[in-house]
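In what follows, every heavy atom counts, from backbone to side chain, and hydrogens, waters and symmetry copies are set aside.
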Amino acid sequence: MPVPATAPPSVAEVRAAAPGPSTPRPVRTPGEVDNRAAYLGFGLAYALGHGAAAVSEGSAPLLALPDALPSALLGAGLLAGIVLATVAARRAQRGASAPEVLAGRLLGGAWIAAFTVLFLAITGLTTLVDDPHLQSVLWPAGSGLVVGLLYLAEGAVRRNLLHYGLGLWLALISTAALPLAGPGPYWMLAVAGGGAYVLAAALEHRRLRTPA
């Protein structure tokens with residue numbers, strides 16, 4: 001019995017049956033840290049904490065704010081940023097190799113060691129020169145310098161150019177703010193530092209979505 005001929009499929013049928021193009025979602029490799037939330041936390045700390053100090057310091061302050069408010073805003077923002085950075089680092093260690101986990105733990109310990117050394121240095125210096133007001137300048141600039149140097153180390157270890165560049169920028173503006181008079185250091189850190197963190201958060205989002 002003859003087999004009935006089958007009509008070839010039309011172009012429309014072929015296109016309908018063919019799988020459509022799909023855009024694969026890039027998957028971060030183990031050990032890669034998503035810094036977006038931490039950047040935004042630190043950026044708010046710089047903008048609000050140093051910004052509040054900038055508008056309330058100097059011989060002709062723009063606003064009369066409680067003395068403890070700028071420090072409270074800065075401290076709360078830095079604490080939030082540290083917590084978010086710690087959570088992101090722990091998530092990145094899931095599935096990472098033993099050397100990568102060890103490197104992450106050593107970098108975490110470096111934060112504690114660096115700020116302990118900074119505390120001792122600033123306390124000793126202000127005691128030596130007998131000028132307690134010096135702490136109000138050394139702490140913002142010193143902490144920015146320490147964070148910048150730590151970012152440099154983390155960026156080098158993790159091969160993250162964005163993190164490395166942010167660290168270099170923070171170290172530069174923190175030291176450049178030292179000779180400024182009045183509220184100048186706070187304006188420098190609030191605008192140049194806070195703005196850099198916001199920009200870094202946007203670039204971090206783009207970096208994570210770009211396939212390696």
Side-chain angles (χ1 to χ4, degrees), residues 32-57 63 65-94 103-123 126 132 134-155 157-158 160 162-164 166-171 173-175 177 183 185-205:
E32 187 175 5
V33 182
D34 181 355
N35 295 298
R36 287 174 293 182
Y39 285 165
L40 290 177
F42 283 120
L44 286 175
Y46 270 60
L48 297 179
H50 295 315
V55 299
S56 61
E57 293 285 341
L63 292 175
L65 299 177
D67 293 339
L69 182 59
S71 298
L73 291 174
L74 180 64
L78 291 178
L79 180 61
I82 291 172
V83 171
L84 292 171
T86 302
V87 172
R90 289 187 177 275
R91 286 178 178 173
Q93 289 181 357
R94 297 173 185 172
R105 290 176 178 175
L106 291 176
L107 289 172
W111 280 78
I112 301 175
F115 274 96
T116 301
V117 171
L118 179 65
F119 170 77
L120 295 175
I122 292 178
T123 302
T126 53
L134 194 60
Q135 292 195 25
S136 63
V137 177
L138 289 180
W139 266 113
S143 60
L145 174 62
V146 166
V147 171
L149 294 177
L150 288 170
Y151 278 5
L152 282 172
E154 290 179 348
V157 171
R158 295 169 178 161
N160 186 333
L162 173 60
H163 205 65
Y164 188 93
L166 178 60
L168 179 60
W169 176 253
L170 291 175
I173 65 169
S174 298
T175 51
Y186 302 109
W187 282 118
M188 171 77 81
L189 294 171
V191 177
Y197 269 116
V198 174
L199 177 60
L203 294 177
E204 178 78 347
H205 180 74

- List the atom of V33, the atom of A89, and the distance in Å for their closest heavy-atom pair. CG1-N, 4.2 Å
- Note on the structure: OG of S174 to CG of L149, rounded to nearest 0.5 Å, is 9.0 Å
- How long is the span from the NE2 atom in H163 to the CG atom in N35, to the nearest 0.5 Å? 5.0 Å
- Item | Closest non-hydrogen atom pair, A37 against L84 | O-CD1, 3.3 Å
- Query: Would you say the side chain of V157 lies within less than 4.5 Å of the side chain of Y164, judging by non-hydrogen atoms?
  - Reply: no
- Query: Taking atom CG of L150 and atom OG of S143, what is their separation to the nearest 0.5 Å?
  - Reply: 11.0 Å
- Task: Could you tell me whether a side-chain N or O of E204 sits under 3.5 Å from a main-chain N or O of R36, the two making a donor and an acceptor?
- Result: no
- In short, L74 meets A45 closest at the heavy-atom pair CD1-O, 3.5 Å
Going by atom type alone, with no hydrogens or angles, which donor-acceptor pairs under 3.5 Å involve a side-chain atom of residues 106-119 and a protein atom two or more places apart or on another chain?
unit_1, atom_1, unit_2, atom_2, d
W111, NE1, E154, OE2, 2.7
T116, OG1, I112, O, 2.7

- Item | Test item: L166 and Y39 side chains (from C-beta on) under 4.5 Å apart, heavy atoms | yes
- Query: Shortest non-hydrogen contact from P70 to S56?
  - Reply: CG-OG, 4.1 Å
- Looking at L189, T175, V147, L145, which hits side chain to side chain contact (heavy atoms under 4.5 Å, CB included) with L170? V147
- Item | Minimum side-chain heavy-atom gap L78-F42 below 4.5 Å | yes
- The reported gap from CG in L162 to CG in L199 (rounded to nearest 0.5 angstrom) is 8.0 Å
- Between M188 and A177, the two heavy atoms sitting closest are CG-CB, 3.8 Å
- Message: Let me confirm one number: the OH-CG distance from Y197 to L44, rounded to the nearest 0.5 Å.
- Response: 11.5 Å
- Distance from T123 atom OG1 to L138 atom CG, nearest 0.5 Å? 10.0 Å
- Note on the structure: Residues L65 and A52: closest non-hydrogen pair is CD1-O, 3.7 Å
- Are the side chains of P140 and P185 in touch, meaning some heavy atoms are under 4.5 Å apart? no
